[in-house]
S.K.: 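Here it is, the structure in full.
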Amino acid sequence: MNILDKIIIDKKREVILKKSIIPITQLEASIFFEKKTISLSKSLKNSTSGIIAEHKRRSPSKAEINYSFTVEEVVKGYEEAGACGISVLTDGKYFGGSLDDLLLARATVNVPLLRKEFIVDEYQILEAKAHGADLILLIAAVLTREEIKSLSEFAKSLNLEVLLEVHNQEELEKSIMPTLDMIGVNNRNLKTFEVSLDFSKQLAAQIPDDFVKVSESGISSIEAITELKPYGYKGFLIGENFMKTDNAGKAAKEFISKI
Ligand SMILES: O=P(O)(O)OC[C@@H](O)[C@@H](O)c1c[nH]c2ccccc12
């Protein structure tokens, strides 16, 4: 079994458990249900840098990235650096994140916030909303077309934007639908951890122009951004390259100032 299958099995169990502890009515009582969301797709369209900076403590492909800063310090640094949006990993078991991280990030910054999670159930979209997210991620590799449709419609009904992640042509073809705002090509294969910018380059032409194109993972240089822009990419999701330094905000600032 590959790591992605393992993550999804754990995630489905986690959701069942959480549903039995925190009822939907409690999530819906959050003050964030009243709060207007901020659009990442608009902010990317109007940006020259397009950087979506990620808070990621560790990952299955890298044991430990960074533990020396609080989530508030990291996201404040990202906002001051001029990031268009911030992605917050909320998976605990594999990425060391939590919904508290998202809440703390929301209390700290005013840029669009992505709940970075393996979403398999509407309940997690309600959690995202209740903890201050502006958008959610849906991963085509683990969802059917019907699931992508119902989950994205549900997100839109809560005024959350949707970033759909693909890694190959088949995933892209099955996923295209009007309820998506952005399509992200993951340069990392989540099953094998192979990383190459070629995935973004190869798929770019197949992504219809009505979606904002985002290139995700394995981006560690300005040259990578320069290479990807001609393919129509407006957004660049970067985690490790910033989080592995001793000051993620400072690293993001230096990076963005060079674009
Ligand atoms: O740290 P990187 O290589 O810059 O990658 C960031 C982000 O793209 C990556 O964390 C990611 C992309 N898609 C995901 C899905 C789940 C968890 C994590 C991810």
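Read the numbers this way: they start at 1 and go in the same order the structure lists the ligands and their atoms. Keep in mind that the numbers below use all heavy atoms, side chains included, and drop hydrogens, waters and symmetry copies.
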S.K.: If you measure from each heavy atom of R188 to ligand 1, is any distance below 4.0 Å?
M.R.: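 Checking ligand 1 against R188, which is what was asked, there is a heavy-atom contact under 4.0 Å.
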S.K.: Under a 4.0 Å N-O cut-off, is there an ion pair linking R106 with D134?
M.R.: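 Answer for the salt bridge query: yes.
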S.K.: Can you list the atoms of ligand 1 that are under 4.0 Å from a heavy atom of I238?
M.R.: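 Ligand 1 atoms under the 4.0 Å threshold to I238: 4 (O).
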S.K.: Measure the distance from atom 17 (C) of ligand 1 to every protein heavy atom, then report the residue, atom name and distance (to 0.1 Å) of the closest one.
M.R.: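 Looking only at protein heavy atoms, the one closest to atom 17 (C) of ligand 1 is F95 CZ, 3.5 Å.
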S.K.: Please state which protein non-hydrogen atom is closest to atom 13 (N) of ligand 1 and give its distance, to 0.1 Å?
M.R.: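 Residue, atom and distance for the closest contact: E165 OE1, 2.7 Å.
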S.K.: Would you please say whether a donor-acceptor pair under 3.5 Å links the side chains of N189 and E194?
M.R.: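 Result is no, nothing qualifies.
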S.K.: State, without any angle test, whether N187 and S200 hold a side-chain donor-acceptor pair at a distance under 3.5 Å.
M.R.: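 Distance-only check passes for N187 and S200.
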S.K.: Give a yes or no on whether the ring-centroid distance for F199 and H167 is below 6.0 angstrom.
M.R.: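 Ring centroids of F199 and H167 are less than 6.0 Å from each other.
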S.K.: For a salt bridge (charged side-chain N to carboxylate O under 4.0 Å, His left out) with D121, tell me which candidate from R13, K11, K12, K19 qualifies.
M.R.: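 Exactly one option meets the salt bridge (charged side-chain N to carboxylate O under 4.0 Å, His left out) with D121, and it is K19.
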S.K.: In terms of residue, atom name and distance, what is the protein heavy atom nearest to atom 16 (C) of ligand 1?
M.R.: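 Here the nearest protein heavy atom works out to F118 CZ, 3.4 Å.
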S.K.: Among R115, K244, K116, which residue satisfies the salt bridge (charged side-chain N to carboxylate O under 4.0 Å, His left out) criterion with E54?
M.R.: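 The residue from R115, K244, K116 that satisfies salt bridge (charged side-chain N to carboxylate O under 4.0 Å, His left out) with E54 turns out to be K116.
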S.K.: What part of K116, side chain, backbone, both or neither, has a heavy atom within less than 4.0 angstrom of ligand 1?
M.R.: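 The answer is the side chain of K116.
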S.K.: Can a donor-acceptor pair be found between the side chains of T90 and E117 at a distance below 3.5 Å?
M.R.: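 Result is yes, a qualifying pair exists.
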S.K.: Of all the non-hydrogen atoms in the protein, which one sits nearest to atom 4 (O) of ligand 1, and at what distance?
M.R.: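 Ranked first by proximity to atom 4 (O) of ligand 1 is G239 N, 2.7 Å.
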S.K.: Any atoms of ligand 1 less than 4.0 Å from a non-hydrogen atom of G218? List them with their elements.
M.R.: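 Contacts of ligand 1 toward G218, numbered from 1: 2 (P), 3 (O), 4 (O).
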S.K.: Report, in ascending order of atom number, the atoms of ligand 1 lying under 4.0 Å from any heavy atom of E216.
M.R.: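 The list of qualifying atoms is 8 (O), 12 (C), 13 (N).
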S.K.: Suppose we measure from atom 8 (O) of ligand 1 to each protein heavy atom; which comes out shortest, and what is that distance?
M.R.: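 I find the closest protein heavy atom is S217 OG, 2.7 Å.
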S.K.: Do E14 and K93 meet the salt-bridge criterion of a basic N to acidic O distance under 4.0 Å?
M.R.: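 Not counted as a salt bridge, because no side-chain N and carboxylate O are separated by less than 4.0 Å.
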S.K.: Got the closest protein heavy atom to atom 1 (O) of ligand 1, with its distance?
M.R.: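 Nearest protein contact, heavy atoms only, for atom 1 (O) of ligand 1 is E240 N, 2.7 Å.
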S.K.: Considering only the protein, which heavy-atom contact is closest to atom 10 (O) of ligand 1, and what is its distance?
M.R.: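 Of every protein heavy atom, E54 OE2, 2.5 Å lies nearest to atom 10 (O) of ligand 1.
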